[in-house]
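Below is one structure; the comments refer to it alone.
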Amino acid sequence: MQRIIFLVTSLNGMHKPNFSQQLLRAVHQGVQVSVLVALVDFEATWQVREYLNRLAKKDRDVKQVTLMTLADLYQDETGLKLTSGERNAPTLTDYDERLFADNQQQVKRYLDAGHLVAELRQLDDETPMVLRQYHADQLEQIDTYGLDGNVVGIEKVSDEVAQTSYVLNAKGEAVLRFVRHERPVEQVFNLSDSSAMLATEFATAKQNAAVANMTQRQRNKAEDATIDHTSIVSTTETYYGVLAYSNYRRFDNLYTFYQAVLSHLLTPDTRLYVDLAVNAALSPQMPNQLIFNY
């Protein structure tokens, strides 16, 4: 039976109009449709659920879509028991609880001598979503819950950024670890007016002046416009290393990891949709796979 998988790697990609358009076309084909949420920001999975629920209110066929998370795929894999420091599971009843409402969610804030130590967001009394933990009023950990009420993801935060993240199996063991890294990169920019056009014109004229029909003066002008008008900008690129505890396989980046995950899901009858923004990075990892974009 044919199956269609939408790989979601960012919320920005999911909110593209083409995502919902392609998803609706897929569900109307009467085939099995799955949305694989592969976000390192685990709590964003709840936003994906909410988005699909909103679509389902407009088109009831969307209710047939299966949402898959990394925790779902790895729930039965062998994992590593985290230390108490890595897991950091507080006893919330030890603190003063305050109840608030925010955007149709229940928010419980826990205080210790007036200082915020935790914030729990819930859909209702029975469905916890996200627990944020604080130390000295600074965010230090985010726990994300699954629909069954168990923690499925842990993010260890430093300077407001998650540096190390764990996906947990059904036993609460870590099955995946994501580590955030940064590296310097240099980008070259051409700062001339309409530089792309001039560079193309010059290259064409140089190779085939007759076809380009450019005079020598035009060629010289195009050449001058594309030489010595470049700037090298140094910036920082963020990437993630991934470790699977079931076999201690390491992945140097997210895209090799995505390929490994998808290799267990794809069949000759599977159609794969990915965000156009990551297509250039993912496609080389899957040279024999036909990939559609949204």
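Quantities reported herein were computed from a predicted structural model and do not represent experimental measurements. The analysis underlying the following values was restricted to heavy atoms, covering all of them including side chains, and did not include hydrogens, waters or symmetry mates.
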| said: Can you confirm whether R250 sits close enough to R177 that some side-chain heavy atom of one is under 4.5 Å from a side-chain heavy atom of the other? | reply: yes
| field | Check: D125/Q106 side-chain N/O donor and acceptor closer than 3.5 Å | value | yes
| field | Pairwise side-chain contact, L111 with V117, heavy-atom cut-off 4.5 Å (strictly under) | value | no
| Which atom of L99 lies closest to which atom of K108, heavy atoms considered | CD1-CG, 3.7 Å
| said: Rounded to the nearest 0.5 Å, what separates atom CZ in R49 from atom CE in M129? | reply: 9.0 Å
| query | Does CD in E182 sit with more than 12 non-hydrogen atoms of other residues, nucleotides or ligands closer than 6.0 Å? | reply | yes
| query | Going by the angle between their ring planes, with limits at 30° and 60°, are F6 and Y273 parallel, tilted or perpendicular? | reply | parallel
| request: Begin with the C-alpha distance, continue with both residues' side-chain angles, and end with the deciding distance and a verdict on salt bridge (charged side-chain N to carboxylate O under 4.0 Å, His left out) for E237 and R183. | output: CA-CA 5 Å; E237 177 185 65; R183 58 189 169 202; 2.6 Å; yes
| request: With V167 as reference, evaluate I154, L176, V40, D72 under the side chain to side chain contact (heavy atoms under 4.5 Å, CB included) test and give the passing residue. | output: L176
| field | CA sep, side-chain torsions, deciding dist, call: Y134, E140, side chain to side chain contact (heavy atoms under 4.5 Å, CB included) | value | CA-CA 5 Å; Y134 298 83; E140 67 173 4; 5.9 Å; no
| task | Any chance you could lay out the side-chain hydrogen bond (donor to acceptor under 3.5 Å, both in side chains) test for Q163 and K156, step after step, and finish with the verdict? | result | CA-CA 6 Å; Q163 302 294 340; K156 310 295 288 188; over 6 Å; no
| said: Assess the residue pair L7 and D275 against the criterion (side chain to side chain contact (heavy atoms under 4.5 Å, CB included)); give the C-alpha distance rounded to whole Å, side-chain angles, the decisive distance to 0.1 Å, and a yes or no. | reply: CA-CA 7 Å; L7 177 67; D275 185 358; over 6 Å; no
| query | Given the rule in the salt bridge (charged side-chain N to carboxylate O under 4.0 Å, His left out) test, do R121 and E43 qualify, once you have shown the distances and angles that lead to the verdict? | reply | CA-CA 11 Å; R121 287 186 172 268; E43 65 174 306; over 6 Å; no
| Donor-acceptor under 3.5 Å (Q141 side chain, R87 main chain) | yes
| With side chains defined as the heavy atoms from C-beta onward, is the minimum distance between N169 and D76 less than 4.5 Å? | no
| field | Atom CG of D252 with >12 non-hydrogen neighbours under 6.0 angstrom | value | no
| query | Can we call the ring centroids of Y51 and H15 under 6.0 Å apart? | reply | yes
| query | Side chains of L254 and Y239: does their closest heavy-atom pair fall under 4.5 Å? | reply | no
| Can you check whether D269's main-chain N or O pairs, donor with acceptor, with T267's side chain at less than 3.5 Å? | yes
| message | Just verifying a value: how many Å separate Q138 CD and L116 CG, rounded to the nearest 0.5 Å? | response | 10.5 Å
| field | Point-to-point distance, once rounded to the nearest 0.5 Å, from NZ of K16 to CG of L11 | value | 12.5 Å
| With D143, which of V152, L131, L168 fulfils side chain to side chain contact (heavy atoms under 4.5 Å, CB included)? | L131
| query | N103 side chain to Q105 main-chain N or O, any donor-acceptor pair under 3.5 Å? | reply | no
| query | Run the side chain to side chain contact (heavy atoms under 4.5 Å, CB included) check on Y245 and Y166 step by step: do they pass? | reply | CA-CA 10 Å; Y245 283 111; Y166 300 96; 3.9 Å; yes
| Mind checking whether V62 and V35 sit in one hydrophobic cluster, side chains of I, L, V, M, F, W, Y counted as touching below 4.5 Å? | yes
| Under a 4.5 Å cut-off applied to non-hydrogen side-chain atoms, are M68 and V37 in contact? | no
| Euclidean distance, N18 CG relative to R25 CZ, rounded to 0.5 Å | 7.0 Å
| task | Specify the closest pair of heavy atoms between A162 and S165, including all atoms of both residues, with the distance to one decimal. | result | CB-OG, 4.2 Å
| query | When clusters are formed by joining ILVMFWY residues with side-chain heavy atoms under 4.5 Å apart, either directly or through shared neighbours, do I5 and L70 land in the same one? | reply | yes
| Take atom CD in Q104; do more than 12 heavy atoms of anything else shown fall under 6.0 Å from it? | no
| query | Does some side-chain heavy atom of Q122 sit less than 4.5 Å from a side-chain heavy atom of T127? | reply | no
| message | Between W46 and Y145 (side chain of the first, backbone of the second, donor and acceptor by atom type, cut-off under 3.5 Å), is there such a pair? | response | yes
| Can you tell me if T256 and Q259 form a side-chain donor-acceptor pair at under 3.5 Å? | no
| Main-chain N/O of S34 paired with T66 side-chain donor or acceptor, under 3.5 Å | no
| said: Is there a path of hydrophobic side-chain contacts, each under 4.5 Å between heavy atoms, that joins L67 and V27? | reply: yes
| side chain to side chain contact (heavy atoms under 4.5 Å, CB included) assessment of E77 paired with N247 | CA-CA 9 Å; E77 295 289 327; N247 55 10; over 6 Å; no
| Taking C-beta and beyond as the side chain, do L55 and S20 meet within less than 4.5 Å on heavy atoms? | yes
| Could you state the interatomic distance from OG1 (T270) to CG (L262), rounded to the nearest 0.5 Å? | 10.0 Å
| request: For D137, look at atom CG and say whether over 12 heavy atoms of other residues, nucleotides or ligands are found less than 6.0 Å away. | output: yes
| Do the two ring centres, one from F257 and one from F178, sit under 6.0 Å apart? | yes
| request: Measure the acute angle between the ring planes of Y294 and F19, then classify it against the limits of 30° and 60° as parallel, tilted or perpendicular. | output: perpendicular
| L139 reachable from Y110 in the ILVMFWY side-chain graph, under 4.5 Å edges | no
| task | Please answer: with hydrophobic residues joined when any side-chain heavy atoms are less than 4.5 Å apart, are V8 and V65 in the same cluster? | result | yes
| Tell me, do D61 and H28 make a side-chain contact under 4.5 Å, heavy atoms counted? | yes
| task | List the atom of P128, the atom of E126, and the distance in Å for their closest heavy-atom pair. | result | CD-O, 3.5 Å
| Closest non-hydrogen atom pair between R249 and A260, with its separation | NH1-CB, 3.9 Å
| To the nearest 0.5 Å, what is the distance between CG (D41) and CG (L39)? | 6.5 Å
| task | Taking atom CZ of R54 as the centre, report whether more than 12 heavy atoms of other residues, nucleotides or ligands fall under 6.0 Å from it. | result | yes
| field | R109 to F100, cation-pi by 6.0 Å centre distance and 45° axis angle | value | yes
| Is it true that a side-chain atom of Y258 and a backbone atom of A38 form a donor plus acceptor pair closer than 3.5 Å? | yes
| When you measure from the side chain of S10 to the backbone N and O of G13, does any donor-acceptor pair fall under 3.5 Å? | yes
